[in-house]
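Reading through the C-alpha cells given below for one structure.
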Amino acid sequence: MKKFIATKKPSLASKCKRSIKKMLQSSHLSEKDRGKLIYYQALKEPVLKNHIFYEAFAGLGILDHPRAIFKALLDDSTFNDYTHIWSIDNPELAAFNTEEFSELENVQIVVRGSQEYYEYLATCKYLIANTTFGYFFEKRKEQVYINTWHGVPTKAMGYEHSVEKVENARGPARHFLSADYLLSANRFMTNIMYRRSYKMDGLFEGKLLEIGSPRCDTLIFPDREKVLEKLNQLGIETDKKIILYAPTWKGNLYDQLNYDVQELKELVKKFSGAINRKEYRIYLRVHYFLYRILAEDPELQDMLIPFTIDTNELLSVVDVLISDYSSIFFDYLLMNKPIIFYVPDLEQYESGRGLYVPVSDLPGLVTSNQVDACAALRKITIADGPEAYMKQYAFQYDAMKKWCTYNEDGLSCTRLIHLIFEDAMEPSDDVSLREDLSEIHLEQYARPAKSFYCFDGFDNGKEKILVCFNTRVNAAEHYEELKEYLEEINYNETDVTLLITSFKDEQNKNFFNHLPDEVRILVWYGLPFVTQENKKFFQKEVRRTLGNVHFDSVEFVGEVTNYWAAFGNTILHLT
C-alpha cells in the first residue's frame with residue numbers, strides 16, 4: 001500500500017476561520033449554485049421507483065437515443081406505471097417538440113436548472129442521458145445511470161483531441177465512469193471511442209451494451225407521413241425531394257464557434273444553383289450552437305430545420321445528404337441513398353485533430369472543392385440520377401455497412417429494455433476485448449460471430465493506481481516532480497489515472513497535454529458550497545469525482561493538503 005505524505009493538523013483558530021468562511025460562502029451563492037445546493041440536499045431523499053429522468057443535448061428537446069428509448073417504453077404496456085421526466089432547457093423553443101406528449105399524465109417536463117430539475121435528477125431511479133450532467137452530479141448507489149452518448153465517432157475525440165485533450169475528455173470520462181451502462185452501436189465504437197479515446201480500457205467497471213443504436217430504430221421502421229406532417233406544421237415545404245446539408249460542429253470546445261456565416265450563405269446559394277429545383281429543395285441542419293445564431297437570419301431561416309424535429313426522424317425523409325465528419329452519415333447509411341462529403345478543411349483535420357475513418361473509405365464523393373461538390377449534386381439531381389451515383393460508390397457503401405450498421409435491425413430499444421428494465425443481463429464472458437488498440441483497421445470490426453454483446457467492465461489485468469496532484473501549487477519543481485514520476489512508470493503493468501484539481505492557466509493546459517499518452521487525466525472540481533468534512537462527505541466526494549471505480553493504490557506527488565489526504569484515504573477504504 002502506498003503511503004501518504006503527512007501534513008500539519010490545522011489549529012482550532014484556523015478551524016474556526018474555515019467554519020466562518022463556509023457560512024459566508026453559502027449565503028453568497030449565485031442562483032445557479034443555489035440549485036446545486038438543492039441537488040446536494042435532495043440526495044438525502046428516497047429514490048423514486050419507476051421514475052425515469054431523461055436529458056438529451058443538455059436539455060435541447062425530446063431527442064436522439066433517449067427519445068427512442070422513451071417512446072419504446074411508452075409503447076410497452078408493461079411500463080404503464082412508470083413516470084417519465086424530461087429535462088428541457090428552453091420550454092418555449094422546444095414547445096413543438098414536447099407538445100407531442102403533453103397530454104400524457106405520466107410524462108412531465110422540468111426546466112433544466114430549476115428546483116424540480118435538481119430534485120428529480122437526485123431522486124429518479126433511472127437516469128438516461130446522451131451527453132453529461134454538470135460537475136456537481138453524483139450517481140447514487142440506488143440509481144441506474146444509462147449513458148447512450150450521441151454517435152459513432154469519425155474525428156479524434158476525448159484524450160486524442162489534438163488541442164484540448166484534458167478539457168475535451170474530462171466531462172464525458174467522469175460520466176462514463178459513473179454510468180452503470182454505456183451503449184455502443186458496434187465494436188468500432190466500443191474499442192475506438194470508449195476504450196481508446198476516452199481511456200475506459202482498464203478502468204470502466206459498469207456494463208457495456210453493444211446492441212446497436214436506439215435512435216436508428218426510427219430509420220428501420222420509419223413513419224414518413226408523420227414526419228412530413230411535422231415538417232409542414234413548421235412551415236417547411238415537403239412537396240419536393242429533400243437535400244439536407246448537415247455540417248458538423250466546428251470549433252475546439254463547446255461554445256467556441258468557428259464559422260463564417262457569410263461564407264456559409266454563399267455556399268448554400270451555390271448548392272441551390274446546382275440542383276434540379278423543380279424536383280429538389282435544399283435544407284440546412286446545423287449544430288445547435290450555430291442554429292441559435294442562424295435562426296434569426298432572414299436569408300437562412302426558411303432553410304433551417306429546427307431541433308424540434310428529431311434528427312433520425314428527419315433523415316427518414318431525406319433523399320440526398322451533404323455532410324463532412326458528422327456521425328450523422330453513419331445512421332444515414334441505413335437509407336441507401338446518396339451522400340456527398342464536402343470537407344473544406346480536410347487537410348487541417350487530417351494533419352491536426354485527426355480522423356478515425358480514412359477519407360478513401362467514405363461512401364461517396366469526398367472533396368474540399370465547392371465546384372466538385374456542385375458537380376456531384378448536378379449529376380445526382382439532373383444528369384445521371386441517384387442510382388448511378390450509388391452504383392459508383394457501392395463498394396465503399398457496402399464495406400462501411402459491414403462494420404458500422406450490422407447491429408441495426410430496428411430492435412435496439414427492445415434489447416435495451418430487456419437487458420436493463422427486465423433485468424435479463426447476460427455478460428458475454430466468452431468474448432475477448434483484448435484487441436490491439438494502437439492502430440485502426442476497419443475491416444477487423446466487421447460483424448462478429450455474435451452480433452450483440454454485453455461486456456462486464458473493461459479489465460486489462462494491470463495494477464490500477466490513482467495519482468493525486470494539486471495544480472494550485474505554482475512552483476516549477478512541483479510540476480517537474482510529477483513529470484519525472486510519470487516517466488518512471490512501467491505502463492505495460494500499471495494503469496495510471498492522474499487526478500488533478502481544476503485549473504484555467506494556459507501553461508498548465510500545455511503541460512498536461514504533453515504528459516505520456518498512457519496517463520488518463522481526471523479533473524476534480526470543488527463544489528460552490530461546503531458541508532462538514534466528515535467521513536460521509538468524503539465518500540460522496542469520491543463517488544462524485546471517480547464514479548464506480550476502485551483502485552489498488554493511491555499516491556500523492558508534491559504538496560498534499562489535509563483535504564486530499566482524507567480524500568485518498570477514503571478511496572482506499574471504499575476499495
Side-chain angles (χ1 to χ4, degrees), residues 1-11 14-15 17-18 21 135 159 164-171 173-174 177 199 202-203 462-528 530 533 535 537-547 549-575:
M1 193 65 66
K2 306 297 180 181
K3 65 180 181 179
F4 298 102
I5 301 173
T7 54
K8 184 179 179 181
K9 291 184 178 181
S11 65
S14 64
K15 284 183 178 180
K17 288 181 180 179
R18 198 163 60 182
K21 183 178 179 181
Y135 71 90
Y159 293 104
E164 295 277 8
K165 69 179 186 180
V166 178
E167 279 294 294
N168 197 272
R170 59 177 172 81
R174 188 175 71 84
L177 294 175
K199 296 187 183 297
L203 202 64
K462 298 179 181 180
E463 180 189 10
K464 292 192 294 190
I465 70 169
L466 178 72
V467 179
C468 298
F469 183 77
N470 186 1
T471 64
R472 295 170 185 176
V473 178
N474 295 321
E477 58 270 20
H478 182 63
Y479 287 84
E480 188 61 31
E481 183 180 352
L482 175 63
K483 183 179 178 182
E484 291 176 358
Y485 173 86
L486 294 175
E487 288 175 349
E488 293 177 0
I489 291 176
N490 181 352
Y491 292 101
N492 292 323
E493 299 177 355
T494 310
D495 183 280
V496 179
T497 299
L498 175 63
L499 180 63
I500 60 176
T501 49
S502 59
F503 61 87
K504 295 182 180 180
D505 185 83
E506 289 296 326
Q507 188 173 350
N508 279 357
K509 289 183 180 181
N510 184 63
F511 174 85
F512 289 111
N513 280 339
H514 289 86
L515 291 179
D517 290 338
E518 296 88 349
V519 178
R520 179 190 303 105
I521 304 173
L522 299 179
V523 183
W524 172 84
Y525 285 83
L527 293 168
V530 287
E533 293 181 359
K535 179 180 177 180
F537 169 80
F538 282 108
Q539 288 177 343
K540 291 171 70 66
E541 280 291 88
V542 168
R543 284 197 298 270
R544 180 176 73 89
T545 306
L546 301 171
V549 183
H550 296 82
F551 292 93
D552 297 310
S553 60
V554 180
E555 291 204 15
F556 290 90
V557 175
E559 181 180 323
V560 181
T561 63
N562 285 293
Y563 180 97
W564 281 105
F567 189 94
N569 278 312
T570 303
I571 295 169
L572 293 176
H573 176 74
L574 291 176
T575 300

Can you find a heavy atom in the side chain of [X] that is under 4.5 Å from one in the side chain of [Y]?
X    : Y    : value
V542 : F567 : yes
T561 : F556 : no
I521 : F469 : no
V519 : V467 : no
V549 : T497 : no
L482 : L498 : yes

How would you list all residue pairs meeting salt bridge (charged side-chain N to carboxylate O under 4.0 Å, His left out) that involve residues 512-526, not counting sequence neighbours?
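Passing the test, one end in residues 512-526: K165-D517, D495-R520.
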
Filter on salt bridge (charged side-chain N to carboxylate O under 4.0 Å, His left out), then keep only pairs touching residues 464-476, sequence neighbours left out; what's left?
E205-K464

Is a donor on one side and an acceptor on the other found under 3.5 Å between the side chain of T501 and the backbone of N470?
no

[X] and [Y]: which non-hydrogen atoms are nearest, and at how many Å?
X    : Y    : result
I465 : F551 : C-CD2, 3.7 Å
V523 : S502 : CG1-CA, 3.6 Å
A565 : V560 : N-CG1, 3.9 Å

According to side chain to side chain contact (heavy atoms under 4.5 Å, CB included), who are the partners of [X], at least two apart in sequence or on a separate chain?
X    : result
R544 : Y135, E138, R174, W524, L527, E541
N474 : none
E480 : K483, E484
A475 : V473, E477, H478

Mind checking what makes side-chain hydrogen bond (donor to acceptor under 3.5 Å, both in side chains) contact with K462, not counting sequence neighbours?
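Result, side-chain hydrogen bond (donor to acceptor under 3.5 Å, both in side chains) vs K462: none returned.
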
Sequence-distant partners of Y525, side-chain hydrogen bond (donor to acceptor under 3.5 Å, both in side chains), two or more places apart:
R170

Partners meeting ring-ring contact (aromatic ring centres under 6.0 Å, His included) with F511 (sequence neighbours left out)
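Here the qualifying residues are Y479.
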
Taking ring-ring contact (aromatic ring centres under 6.0 Å, His included) as the definition, give me every residue that meets it alongside F512, ordered by chain and number, with sequence neighbours left out.
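So F512 forms a ring-ring contact (aromatic ring centres under 6.0 Å, His included) with F503.
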
If you round to the nearest 0.5 Å, how far is [atom2] of [Y] from [atom1] of [X]?
X    : Y    : atom1 : atom2 : value
T494 : E488 : OG1   : CD    : 12.5 Å
T545 : L499 : OG1   : CG    : 6.5 Å
N569 : K535 : CG    : NZ    : 11.5 Å
I489 : E463 : CD1   : CD    : 9.5 Å
C468 : I500 : SG    : CD1   : 11.0 Å

